[in-house]
Amino acid sequence: MAIAMASWHKPDNVAGSSAPAIMVGLFVATGGLLFGYDTGTISGILAMKAFRKQFTTGYVDPKDMILNISPAQSSQVVAILSAGTFFGALLAAPLGDKLGRRTSLIIAVAIFAFGVLLQTIAMALPTLVSGRFFAGLGVGVISVLVPLYQSEMAPKWIRGTLVCAYQLAITFGLLLAAMVNIITEGMSTANAFRIPLALQFVWAGVLLLGLMLLPETPRYLIKRNRHGAAASSLSRLRRLDITHPALIEELAEIEANHEYELSLGASSYRDVFLGTPHLGRRLLTGSGLQMLQQLSGCNFIFYYGTTFFTNIGIQSPFVIALITNVVNVVSTVPGMILVESIGRRRILMIGAAGMAVCQFVVGSVGTINPELTSTNIVLIVFVCLYIFFFAASWGPVVWVVTSEIYPLKVRAKSMSISVASNWILNFAIAYGTPYLVNSGPSYANLQAKIFFLWGFFCVVSFIFVWAMVYETSKISLEQIDELYERVDRAWHSKSFQPSWSFQEMRDEGASSSGIQLTEHDNDLARQRTGTSSSQTDSAASISEEDKIIAQLGHVDLSY
């Protein structure tokens, strides 16, 4: 994280300080820690002898002839979290639009903590499964609102890196879980699995306390017609005086964009699919990316990695799982650094190609010589290489793209549907994988052949990005609408340069499509301002500054 921040320098023409927004964005990203830690924890817990003894219903594992939960029960325990996250992701849109991004995140963390409580006190599978569903419900809301919160408050020059930090937090959670599992897996009592589960209260508590102190996003406050509060929030995030021309200009552009969107009509779920400009195409892009992220096979490694390595005869599978998680964390940093410099499209295409090669190698070697020690070494090396390509590209960048391609009026709705598509595939993979990999009656016994399936979808991912993903780096969230209006094909988007602003459209009174914009009774035409504006431009902005100050009343600017 420090390396990524050191590699970025605020452009000279950007006024104020970006440090508050960066700090807020990085802290909120720890919401990803909840999901990552839970995923890593359950992967190790399923292989613990103490867990198998506590929750068995009489099933004897044919591999070691020891009591265990059945593959069907294992599928249920793992997949029920994803079922909860699916419903949580759909719930995030009405919550986020009605109560605000920050308040909804606080509620989501509380729901997650209730789920953790049920898991920690569970003595049988029904209570454990119920707890995982509620934890998933909270994680689903968080998975939508954290990237949404980050993208709405971040400066455009570092927006992608901050959203990538969400994925970094997920990988760090996986690593923490692997470390805790190694420490506790040798215990013979229920503490072996209760300690890893209970530690989730710590991560949830830290996030909950921090959210109490954070501001709401300026874009949401504008959406709720709270212009004074939006100016105050933006002032905190940019560390600029409330009357600074650069802050007034950024706020005015957000307001003008929102007025333009309102001129097109009220938002509804119908607009998510059929609205303009090209909202259906954007939803297909976001949902496609989220589904293909899961179909790349990432969560096969993180959910069932320990079990898979055990089944193919690798010694110390917990240590191997720890190594893969270290690779996952370290490899996320290059993605954070490169997402702005080489762009979203290119990094996703490189990642898809690299993952496909690794998957096909693992599938081929594991199928041809499954019993050789050298085969195990090759499998471990190429699984780690696959994780590198995933963590540096599809892990973080998918969240970046889906958090920024939707306009403000449908952003929460569109993003909740996109993320829900991720979780429904997550559920299908988590539930179906034991049936595909394990041996026995009614099981496919694919073993390493499963990697051919993941490799095929990585090839599909490469083609999908080339055809559907627009390059959105280095432009504001408001300018992305113009990108979709003016650029007809995704592969032409790299050369896009914004030609107008929503302030100019509002001042002229019409959109580029000829739609008349709504004017407020007492609204004066705003002039574009900047840190290098002339005296004439500065004078023109005085009335706007006075209006904002009048709306704010007494504001404490000491932060």
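Values below: every heavy atom of this structure, side chains too, minus hydrogens, waters and symmetry copies. For the single chain, residues carry numbers from 1 onward in sequence order.
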Mind checking what makes side chain to side chain donor-acceptor pair (under 3.5 Å) contact with Arg282, not counting sequence neighbours?
Asp481
Consider only side-chain N and O atoms of Ser82 and Asn426, and report whether a donor and an acceptor are under 3.5 Å apart.
yes
Side chain to side chain contact (heavy atoms under 4.5 Å, CB included) for Arg101 and Glu152? Distances and angles first, verdict last.
CA-CA 10 Å; Arg101 303 355 181 178; Glu152 287 192 349; 2.8 Å; yes
Spacing of CG belonging to Leu105 relative to OH belonging to Tyr149, to within rounding of 0.5 Å
8.0 Å
Pair Leu81, Ile42 - check side chain to side chain contact (heavy atoms under 4.5 Å, CB included), show working.
CA-CA 10 Å; Leu81 180 90; Ile42 202 64; over 6 Å; no
With rounding to the nearest 0.5 angstrom, report the CG to CG distance, Asp241 to Leu247.
8.5 Å
To the nearest 0.5 Å, what is the distance between CG (Leu145) and OG1 (Thr103)?
10.5 Å
Is there a donor in the side chain of Tyr220 and an acceptor in the side chain of Arg411, or the other way round, less than 3.5 Å apart?
no
Quick check: does any side chain N or O of Arg102 sit under 3.5 Å from a backbone N or O of Leu214, one acting as donor and the other as acceptor?
yes
Decide whether Ser418 and Tyr406 meet the rule of one side-chain donor and one side-chain acceptor closer than 3.5 Å.
yes
When you measure from the side chain of Ser151 to the backbone N and O of Glu404, does any donor-acceptor pair fall under 3.5 Å?
no
Arg346 atom CZ, neighbour heavy-atom count above 12 within 6.0 Å:
no
Are there over 12 heavy-atom neighbours, none belonging to Lys98, within less than 6.0 Å of that residue's NZ?
no
I'd like to know whether Leu211 forms a side chain to side chain contact (heavy atoms under 4.5 Å, CB included) with Leu207, so could you lay out the CA-CA distance, the side-chain angles of the two residues, the decisive distance to 0.1 Å, and finally the verdict.
CA-CA 6 Å; Leu211 285 169; Leu207 181 60; 4.0 Å; yes
Ring pair (Phe, Tyr, Trp, His ring centres under 6.0 Å) with Phe35: of Trp423, Phe112, Tyr166, only one passes, and it is Trp423
Calculate, to the nearest 0.5 Å, the distance between atoms CD and CE belonging to Gln293 and Met291 respectively.
12.0 Å
Are there more than 12 heavy atoms of other residues, nucleotides or ligands under 6.0 Å from atom CZ of Phe456?
no
Is the backbone of Ala229 close enough, under 3.5 Å, to the side chain of Ser233 for a donor and an acceptor to pair up by distance?
no
For a 4.5 angstrom cut-off between non-hydrogen side-chain atoms, does Arg281 reach Met468?
yes
For Gln290 and Thr402, which I'm curious about, is there any donor-acceptor pair between the side chains at under 3.5 Å?
yes
Could you pull out all residues at least two apart from Asp38 that satisfy side chain to side chain donor-acceptor pair (under 3.5 Å)?
Arg132
Could you check whether the rings of Trp491 and Trp466 sit parallel, tilted or perpendicular, using 30° and 60° as the cut-offs?
parallel
Are any of the side-chain heavy atoms of Ile111 and Val141 separated by less than 4.5 Å?
no
Which residue pairs satisfy the salt bridge (Lys or Arg N to Asp or Glu O under 4.0 Å) criterion with at least one member in residues 288-302, sequence neighbours excluded?
none
With Ser331 via side chain to side chain donor-acceptor pair (under 3.5 Å) - residues at least two apart
none
Would you mind listing every salt bridge (Lys or Arg N to Asp or Glu O under 4.0 Å) that reaches into residues 214-233, with sequence neighbours excluded?
Arg219-Glu478
Please check this pair: side chain of Thr85 against backbone of Leu137, looking for a donor-acceptor N/O pair closer than 3.5 Å.
no
Check whether any side-chain heavy atom of Val180 sits under 4.5 Å from a side-chain heavy atom of Thr41, and report yes or no.
no
Would Leu175 and Val326 count as a side chain to side chain contact (heavy atoms under 4.5 Å, CB included) here? Give the steps.
CA-CA 6 Å; Leu175 176 60; Val326 170; 3.5 Å; yes
Please table the atom pairs, donor to acceptor, closer than 3.5 Å between any side-chain atom in residues 381-399 and protein atoms at least two apart or in another chain.
{"residue": "Tyr386", "atom": "OH", "partner": "Ser296", "partner atom": "O", "Å": "3.1"}
{"residue": "Tyr386", "atom": "OH", "partner": "Ser296", "partner atom": "OG", "Å": "3.4"}
{"residue": "Tyr386", "atom": "OH", "partner": "Cys298", "partner atom": "N", "Å": "2.9"}
{"residue": "Ser393", "atom": "OG", "partner": "Phe389", "partner atom": "O", "Å": "2.4"}
{"residue": "Trp394", "atom": "NE1", "partner": "Leu348", "partner atom": "O", "Å": "2.8"}
{"residue": "Trp399", "atom": "NE1", "partner": "Gln167", "partner atom": "OE1", "Å": "3.4"}

How long is the straight-line distance from CD of Gln359 back to CZ of Phe451, given to the nearest 0.5 Å?
6.0 Å
Spacing of Thr30 atom OG1 and Trp203 atom CH2 [to the nearest 0.5 Å]
11.0 Å
